[in-house]
Amino acid sequence: MGAETLVCVWYGQYLTICELDYNILQGEIQNIQKTKSAVDIGEFCLVEDLSSARWYRGRVQNRKEDLFDVFLIDHGNVLSVGIDHISSCSNDLFILPPKIVCGFLANMLVFPDSSHSVVENYFSSLIGKNFTGYIQALLPHKILLLEAPDINNDFVRHGFGRYVDTDTFLFLVEMLTEVPLKQNIEPAPDLLIDKPRSQWFCFQPSGLRGYEDILSFSGPRLTCGMHVKVRVTAAVNSGLFYCQMASAETDLLEMSRKLGAVCEYRTKEHSQKETENLGLLCSVQGKDGKWYRGFVQFLPVNSQVRVLFIDYGYFESVSVDNVHRLPPDFYSAPIMAFPCSLSCLSGQDEAVRTQQLSFLKSGLLGGVLVVEISSFDEAQHLYSVTVFGAEDNPIKETEPIEEHPRMKLGSIIETEVSPQGEQLEEENVCKNETEKAQASSLKALSIRPGCEFAVRCSYISSPSDFWCQPLDKGPALEELMNKVQQYYSTHTVPLKSGDLCCITKSPVDGKWYRAFIIEQQKDHARVVLVDYGFTIQIRKQSLQAIMPEYVDLEAQAFRCSLSKTCREWSLKACNILKDFVVKSTCGLKCKVISQLSVKNKGLCNVVDLYDTQTQQRITDMLVEHGLARKATAPTTLSTVFPESFVYSSYDLSPGKEEIVYVTHVSSQWEVYCHLDRNTEIIEELEKKISEESEKIMQASTRAVVRKLCLAKYFDGRWYRGLAHPVQSPLHLSVFFVDYGNTNISEKTHVMFIPRDSVDLLYTPMQAVRCSLASVSKEELYADAKECLDGAVLNKQVRVVIVGKNKDGSFDVQLFDGDVNINEKVNDFILSLSPKPNTGMSCSTSGTEAKHRNTSVKCKSQPKGRPSNPLYVRGTPPRMRENERNTNVHGNRNVRVTQQNRNRTKSCVSATLQKSCDVKEQRETQHPKEPGTPQLTCLPDRKLKADSENATVLSVETNGRFYIRLTKTSDFLAALQSRIADNLYRCETVGKQDVKQGLRCLAEVDNKWHRAVIQKVGRDKCHVFLVDHGITIETSSSSVRRQCCSTKEIPNLAVLCKVTFSEGEDAQRLWDETLKLMIGKEVKLVFVRYSETKNLWMVEIVMNGRFLVHQISDSLQQNQEIIQHSAETQSEAAEEDTSPPQQLVCAPVDIDKSYFGFAAAVTTPFEFCVVLEDLLLIMNKVSVMLDDLPVLMPPLPEAHLTPGSCCLLESDTQEKWCRAEVVGADASLVLNLVDYGHCEYLPYKDHSKLKRLPEALINLPKVTYPCTLRGVKPVGVDGQWTDEAVIFFQQRLCQKNLQIFFREFESDSRWKVDVLADGGHVAKDLVDAGHASYADVMLELRYALICYIFTYVISCLGNEKIFLWEKRLKSQLTKFSGKNESC
């Protein structure tokens, strides 16, 4: 073994040598005249062996005074001789290559803790054997870096070492030998084996750039000054290396293990790999045999494809057989690798540079580095770091051993979607394979902060690590355990590879338990008993697969830690806890305060344990004994970070009375409130949020927590929230924890809270959830909710606590002065019941008008609030219409007086009473059907020409699609909350009762949704989610019945149909246009309701015009093309009367910023771009083109007209491509619409063109033909010079572009403004002398930007310029597009 015993040295000879040549050479060496002379190290010479008196060819390796160490290049051994036994010689004797070659084994490092004797024995066993390999690089003196795959595979399999990628290995060898390498990119001399061309690539510093935006992932968020522990995973040089957070090791191992299980299952199930399109993201099997997430950069060459290992930062060329599609479950995890550079490179201190390089070398050899983030280069996406030390923590990849892998009862039992919400298109095949690979998996108990229930402690390690079980599930667990004992005592069920959930027999009591594997060694495994919390070590032979019938009951044990305690626990503290638990067996209750994520342990519930009989709390006992102290936040922020905000009951208990502000009304029986006594806390929290939001926006990156965020509301302020993914990849659902409402927010308006923001993370949630006692929950009345909303929202009222619920909410009586609001709401609900028609006729218009214009005066603002008529307490939840008419007066020292109460009493009671009166009169004239709630947030069927904003949920055919009104988002959240709260009432439907048309509840992503069964299969059924407008497949045994209260609520997914002229082209064009709108918010005009078809006829408004007019214009253009074809080729038209096929571009918004890249660039007047929004469509098109049938109908000759589309087998792309006819003379000119360039085909070969399948017609073109706006060539002939073209191509190619569509030209081209890496391309052309401005105003705008920027530099200083410049450019870019005359 070589340098630092971590690289392996080998000696060998080629199999193709001719022994005769070397025998002849040896004779010449003996006879030639010897000339004794000094030879330098590294030079060739002749050396005499004293024992045999024979001379040999050699190379001087070392010299100590007059003693030389000479390596015999034809024999492999070293002679130590004096200068008298060395002779110089002619170069002719060295024409024949060395018989013995030597070098390092490339791409492999020996583990430092491997036994040297065992490793040497392994290498000794290789002597005399033949092997082949690839020469990766050359060291001086013909020393080779040879990659021998067979040896490397054996080496890793025996656990002697680990793989590293080629560039990292070359860089490491340079550092170890302190000799620059010559990478083997030229043919090797003579007998040396050149590596295959597909094996070599040049890893440039920009190797990853251009893909970060495409990949829709984000690595760890780091900020300047932060100290973190990292592992170096790949390196090109000291100026570019890739790191992972050391804390991510467990997650990576777990992800690789799960991904490996899926891919191995797929490989076994499909022995012959089916042809499939990989897409951009893939699963790839590395050289170590393990599966990783990858990014396919280029198309395969010679069955090899170049793949970027996105979690490690290096490339490999792998066989296409080792590349599979990436299952959708693995899209959401962020990229683990991030690029770094040593900050010392530009410094002059050589000692610092040497030290930093030494640390980096330790990192490359497997150590963990402690680094400080010095700066971040946003343009290069590169962190500059300073290394403060290296920890000896070598990587050991074989048989990975982990401590509790983040309790992947959190990954398999508790499914948690990434808060980034980045999801690509679901592939059902991959999803099913993932489910099969994971086999039977267990669900976790649904426990949230605020939950309070009786428990028993099943296992106690310490006050910060113990396990509890819910007491009410005890009988069910006992019954399950009896069944498990009976079955596994007489049956053996082998555990499949990759399964983590299992059944194991405890060596302690001989019983069978449900378990989860947390660590695997060669013969043993460590498992946690999921129903009890015990961890035991067991032989792998004792593990069995879990039968499906034993997974229905949730894992009963959940990990806990005591709240408000922080200390290393003594034995006395542990004993006090155990004694407390034993004495409180009958009355032990657990209140969940918050949830934490603990490194190497996973999800942990912070709880308060108390005895209901004695009212003693264990935390108080420990503090009284001096064994603990109160703490509001964990002290170990690097290993413990929150998964939820903190719940507080604020010492509320039955009988207490509080003054509160109502911040949100969820339903007729549920409201959220602020406690008046918390006013100062809330104001201080708002200040902290304001300060922290500024820091987050200014900082480059910081380590953040999942789900816990700051979200911008409509008022422009930031508020704390919990983020959850939604169907749209551009939005997140945010629950505002301090106000109680839910809103759908754009991702650009959501910032996740840094882990070190203690005040924001650990200040308790301020919204107190209250349930109006005695108010009916059986029927949901939107009118009642609206009435309550108008009466109490943003008002100060009084509550009397009646009781505490298991979910942490409080049953209350709500009073406005002396008016009992609970009773008023009940009276209002009773007024909604049907009444007999008495023939009474009276007008309600005056009453309604009076109700709408009621001006409500309520209690003044809390102290510290500014006097602002536009500000209403509770603004973050919603901006409602009635708030505009609400008068709010500021007063810093206000107390509730009887006068205030009386004033508010008349206000609230009047509102409720008038609502009741109006409703009564409405019902008298128009009695409704009994039991049908009136959900006024849905469009009124009698209303015409009413416009609403809505989100497109799904698209059917013939212009039919499902939407959900934007204003029903609050209602949807309340509905889902109600379903979750009442789930225990909803029984599982027996398989025999699962029938088509049954209204039920179906589970998706751990949430239950209302559904209707559409199709019933053997074990599966298709259900339509009536509030989401989509159909899913689910298990027939997991369907639950709907409660009566949810059956009567109208479906929130509304079926709509656009009005358009009939015809195949119109229908196709509408359908493909609508599909592009899925997940986006649109403006609809509801025209009329069709009772027969049970749907709404609507119009869609885009850019101020009805979309139907825009589509009609497009169809008219197509019709003109068709008519032209009919006139010029009437004979051919008689043979084929079908219209030419047309493809359209996806609609874009004028003046909106889009991100993308250049697809093809000819001149500034002719280039094509691809938008990032269409990457999924590009992927889908590619998949479909790869799956085309062998036999396809040819394109009729009559369709060879400009604008007609077809399939062309492209020579440049080496595959079938979608094409559009541009010209048809002697040759056909065909534009590849998904690539942006043209190809030519002789007219006589037009039969090679094929008709497009219908599915490919429905997908829009991927490229947009563009013209750069605002500039013209400087030449007098109006043509772009070659220099201008080259300059423009260099500015666009392989750059991140920001594109603004300004104007649509008649030849299907867009005039655009383009920013490349933040700079205006048009301005760059002018500055370089290749163009002049076509618009004098544009020149003035750019001059203004430069002037302002120069002035601000002198005023602000350089440190604030970057952020200012970014904001200014953004604003001026939008301004320049919309104000041409400025």
Side-chain angles (χ1 to χ4, degrees), residues 277 279-280 299 1065 1068-1069 1071-1073 1075-1076 1111 1114-1115 1117-1118 1121-1122 1125 1139-1148 1154 1156-1162 1165-1188 1192 1194-1196 1199-1224 1227-1241 1246 1248-1267 1292 1297 1299 1301 1304-1310 1312:
N277 186 278
L280 296 174
L299 293 175
D1065 287 347
R1068 174 179 59 79
L1069 195 56
D1071 289 345
E1072 64 193 35
T1073 303
K1075 287 176 183 176
L1076 295 174
I1111 297 293
S1114 178
L1115 287 171
Q1117 293 176 5
N1118 293 347
I1121 294 173
I1122 296 171
S1125 171
Q1141 296 173 316
Q1142 304 292 321
L1143 288 170
V1144 298
C1145 288
V1148 294
Y1154 290 91
F1157 52 89
V1161 182
T1162 306
F1165 287 167
E1166 186 180 348
F1167 61 97
C1168 290
V1169 297
V1170 176
L1171 304 185
E1172 287 185 4
D1173 294 350
L1174 296 181
L1175 287 177
L1176 289 179
I1177 292 179
M1178 177 192 290
N1179 200 23
K1180 192 170 184 178
V1181 169
S1182 183
V1183 171
M1184 290 182 176
L1185 290 172
D1186 284 347
D1187 292 337
L1188 291 173
M1192 294 181 288
L1195 183 74
H1199 292 181
L1200 296 178
T1201 57
S1204 178
C1205 292
C1206 60
L1207 283 174
L1208 166 69
E1209 192 164 17
S1210 166
D1211 292 331
T1212 59
Q1213 303 300 325
E1214 297 182 347
K1215 63 182 292 187
W1216 285 100
C1217 299
R1218 299 193 300 172
E1220 184 177 62
V1221 178
V1222 177
S1227 294
L1228 295 172
V1229 184
L1230 299 156
N1231 174 34
L1232 304 188
V1233 298
D1234 300 317
Y1235 295 90
H1237 65 266
C1238 292
E1239 291 196 3
Y1240 299 87
L1241 185 73
H1246 68 79
K1248 294 181 179 180
L1249 302 178
K1250 307 297 181 184
R1251 289 182 66 92
L1252 280 166
E1254 191 68 25
L1256 281 170
I1257 298 176
N1258 293 336
L1259 295 175
K1261 301 176 187 177
V1262 173
T1263 59
Y1264 290 83
C1266 298
T1267 295
L1292 258 63
L1297 304 182
I1299 304 144
F1301 293 88
F1304 186 69
E1305 296 185 311
S1306 58
D1307 60 346
S1308 301
R1309 225 168 251 285
W1310 280 94
V1312 298

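Just the heavy atoms: all of them, side chains too, but no hydrogens, waters or symmetry mates, feed the values below.
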When you measure from the side chain of S1210 to the backbone of K1215, do you find a donor-acceptor pair of N or O atoms at a distance under 3.5 Å? no
Between L1259 and R1218, does the side chain to side chain contact (heavy atoms under 4.5 Å, CB included) criterion hold? Intermediate values first, please. CA-CA 11 Å; L1259 295 175; R1218 299 193 300 172; 4.0 Å; yes
First locate atom NE2 of H1246, then atom SG of C1206, and finally report the distance between them rounded to the nearest 0.5 Å. 12.0 Å
Is the shortest heavy-atom distance from the side chain of H1199 to the side chain of Q1141 under 4.5 Å? no
Can you tell me how far CG of L1185 sits from CG of D1234, rounded to the nearest 0.5 angstrom? 7.0 Å
C1205 side chain reached by I1257 side chain, heavy atoms, under 4.5 Å: no
Taking side chain as C-beta onward, heavy atoms only, is E1166 less than 4.5 Å from R1309? yes
Ignoring hydrogens and angles, tell me if any N or O in the side chain of N1231 forms a donor-acceptor pair with the backbone of E1220 under 3.5 Å. no
Heavy-atom closest pair (Q1213 atom, Y1235 atom, distance to 0.1 Å) is OE1-CE2, 3.2 Å
Heavy-atom donor-acceptor pair, S1204 side chain to V1221 backbone, under 3.5 Å: no
Criterion side chain to side chain contact (heavy atoms under 4.5 Å, CB included) on K1180 and V1183, from CA distance to verdict: CA-CA 5 Å; K1180 192 170 184 178; V1183 171; 5.6 Å; no
Y1154 versus L1174: any side-chain heavy-atom pair under 4.5 Å? no
Run the numbers on Y1240 and V1229 for side chain to side chain contact (heavy atoms under 4.5 Å, CB included), then give the verdict. CA-CA 5 Å; Y1240 299 87; V1229 184; 3.5 Å; yes
When rounded to the nearest 0.5 Å, the distance separating CG of L1230 from SG of C1238 is 8.0 Å
Qualifying residue, where the test is side-chain contact (heavy atoms from CB on, under 4.5 Å) with L1143 and the options are L1252, N1258, L1256: L1252
Minimum heavy-atom separation for P1147 and T1073, please, with both atom names. CG-CG2, 4.3 Å
V1312 side chain reached by V1169 side chain, heavy atoms, under 4.5 Å: no
Value for CD (E1172) from CD1 (I1299), rounded to nearest 0.5 Å, stands at 9.0 Å
Enter the distance from D1211:CG to E1239:CD here, rounded to the nearest 0.5 Å. 6.0 Å
Minimum-distance pair of heavy atoms, taken over all atoms of T1263 and P1265: O-CD, 3.9 Å
Can you find a heavy atom in the side chain of I1177 that is under 4.5 Å from one in the side chain of P1260? yes
Of all the heavy-atom pairs spanning V1148 and Y1264, show the shortest one and how long it is. CG1-OH, 3.6 Å
Here the pair of heavy atoms bringing F1167 nearest to T1267 is CE2-C, 3.9 Å
In terms of heavy-atom contacts, A1160 and G1236 come closest through CB-O, 3.4 Å
Can you check side chain to side chain contact (heavy atoms under 4.5 Å, CB included) on L1171 and F1301, steps first, answer last? CA-CA 12 Å; L1171 304 185; F1301 293 88; 4.1 Å; yes
Side chains of H1237 and T1212, heavy atoms from C-beta outward: is any pair under 4.5 Å? yes
